[in-house]
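Following: one structure in structure tokens, then a few remarks.
Hydrogens, waters and symmetry mates are skipped; everything else that's a heavy atom, side chains included, is used. The shown structure was predicted, so the numbers you read here are calculated from the model rather than taken from an experiment. We count residues from 1, following the sequence as given.
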Amino acid sequence: MSPMDDMGMTYRDYARLARRTLDELSQECVAEAFHASGPGGQGVNTADSAVRMRHVPTGIVVVSRESRSQYRNRQICLRKIHEELLRRAIPPTTRHKTRPTRSSVERRLRDKRFRSETKRNRRRPDEE
């Protein structure tokens with residue numbers, strides 16, 4: 001059983017969604033156009049060219065304001081959603097427990113002895 005994320009989806013679900021074409025993905029998305037902030041002057045302030053797109057089944061939200069064209073920004077958003085689906089489709093590698101090497105154990109104990117000696121030297125001479 002593969003672990004689920006907060007949306008109740010597994011790696012296989014994301015992999016299945018990632019195999020869809022961009023046209024199929026666009027059918028499942030809600031897009032919203034808005035004024036892009038930042039530099040660009042009149043072209044940015046007057047046109048709703050930036051796009052915020054949400055993939056409804058997964059809740060993935062992406063924003064694109066790279067282009068002055070709303071159509072181009074929609075395509076960029078779809079590619080970003082597809083890339084995120086591909087990223088979420090990869091299960092994390094499992095960590096295998098290993099024993100510490102002999103040199104790392106010796107180094108740790110040597111550092112502990114050194115620290116202990118340092119602290120011992122800070123004491124008053126009559127306390128020993």
Side-chain angles (χ1 to χ4, degrees):
M1 180 88 180
S2 54
M4 293 186 181
D5 65 359
D6 55 340
M7 292 289 293
M9 300 197 51
T10 63
Y11 304 113
R12 289 187 178 140
D13 295 331
Y14 286 116
R16 183 177 41 79
L17 289 170
R19 283 193 293 270
R20 295 185 178 178
T21 65
L22 293 181
D23 289 336
E24 292 170 336
L25 279 178
S26 68
Q27 299 294 318
E28 302 171 336
C29 292
V30 175
E32 172 190 1
F34 61 96
H35 284 323
S37 63
Q42 190 174 4
V44 170
N45 297 334
T46 59
D48 289 343
S49 59
V51 176
R52 180 181 304 111
M53 192 174 282
R54 182 170 57 91
H55 187 242
V56 177
T58 59
I60 296 172
V61 178
V62 294
V63 175
S64 175
R65 54 177 64 121
E66 286 88 22
S67 174
R68 288 173 57 181
S69 163
Q70 187 182 121
Y71 175 78
R72 179 87 175 110
N73 283 332
R74 285 177 184 267
Q75 298 305 312
I76 293 170
C77 280
L78 283 173
R79 272 203 306 280
K80 286 182 179 181
I81 288 174
H82 186 255
E83 289 169 5
E84 181 64 19
L85 289 171
L86 288 173
R87 189 189 67 77
R88 292 185 184 192
I90 300 170
T93 56
T94 56
R95 185 177 181 276
H96 299 287
K97 230 173 149 179
T98 58
R99 293 187 60 189
T101 61
R102 182 186 301 157
S103 62
S104 68
V105 171
E106 290 172 355
R107 186 179 326 115
R108 184 178 60 86
L109 293 176
R110 185 186 67 237
D111 291 344
K112 282 179 75 170
R113 280 193 298 274
F114 180 76
R115 172 58 86 195
S116 160
E117 185 66 31
T118 302
K119 289 188 172 201
R120 193 177 310 118
N121 289 335
R122 291 179 187 157
R123 294 181 189 161
R124 291 183 179 176
D126 58 338
E127 289 182 5
E128 293 178 14

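- Side-chain contact of R120 with S116: a donor-acceptor pair under 3.5 Å is present, judged by distance alone.
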Test side-chain contact (heavy atoms from CB on, under 4.5 Å) applied to C77 and R74, step by step | CA-CA 5 Å; C77 280; R74 285 177 184 267; 5.6 Å; no
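- Checked options N73, V63, V62; the residue passing with V51 is N73 (criterion: side-chain contact (heavy atoms from CB on, under 4.5 Å)).
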Hey, mind stepping through R110 and E106 against side-chain contact (heavy atoms from CB on, under 4.5 Å) and telling me if it holds?
-> CA-CA 6 Å; R110 185 186 67 237; E106 290 172 355; 5.8 Å; no
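- Rounded to the nearest 0.5 Å, atoms OG (S64) and CZ (R52) are 12.0 Å apart.
- Defined by atom type and a distance below 3.5 Å, a donor-acceptor pair is missing between the side-chain atoms of T118 and N121.
- Taken from CG in D13 to OG1 in T10, the straight-line distance is 3.5 Å, to the nearest 0.5 Å.
- Rounding to the nearest 0.5 Å gives a distance of 5.0 Å between NE2 of H55 and SG of C29.
- Within the 4.5 Å cutoff, no side-chain heavy atoms of Y14 are placed close to those of R87.
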Kindly indicate, with the supporting measurements, whether the criterion side-chain contact (heavy atoms from CB on, under 4.5 Å) is fulfilled by M53 and V61.
-> CA-CA 6 Å; M53 192 174 282; V61 178; over 6 Å; no
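- Between E84 and R88 there is a salt bridge, since at least one side-chain N of the basic residue sits less than 4.0 Å from a carboxylate O of the acidic one.
- For CZ of R72, the number of neighbouring non-hydrogen atoms (other residues, nucleotides, ligands) closer than 6.0 Å is 12 at most.
- If you run side-chain contact (heavy atoms from CB on, under 4.5 Å) between L17 and each of L85, I60, I81, only L85 comes through.
- Smallest separation of non-hydrogen atoms from R68 and S49: O-CB, 3.3 Å.
- A distance of 12.0 Å separates CD of E24 from CG of L78, quoted to the nearest 0.5 Å.
- With R115 as reference, K119 is the one residue of K119, R113, K112 to meet the side-chain contact (heavy atoms from CB on, under 4.5 Å) rule.
- A distance of 10.0 Å separates NE2 of H82 from CZ of R19, quoted to the nearest 0.5 Å.
- For the 3.5 Å distance criterion, the side chains of R79 and Q75 fail to qualify, holding no donor opposite an acceptor.
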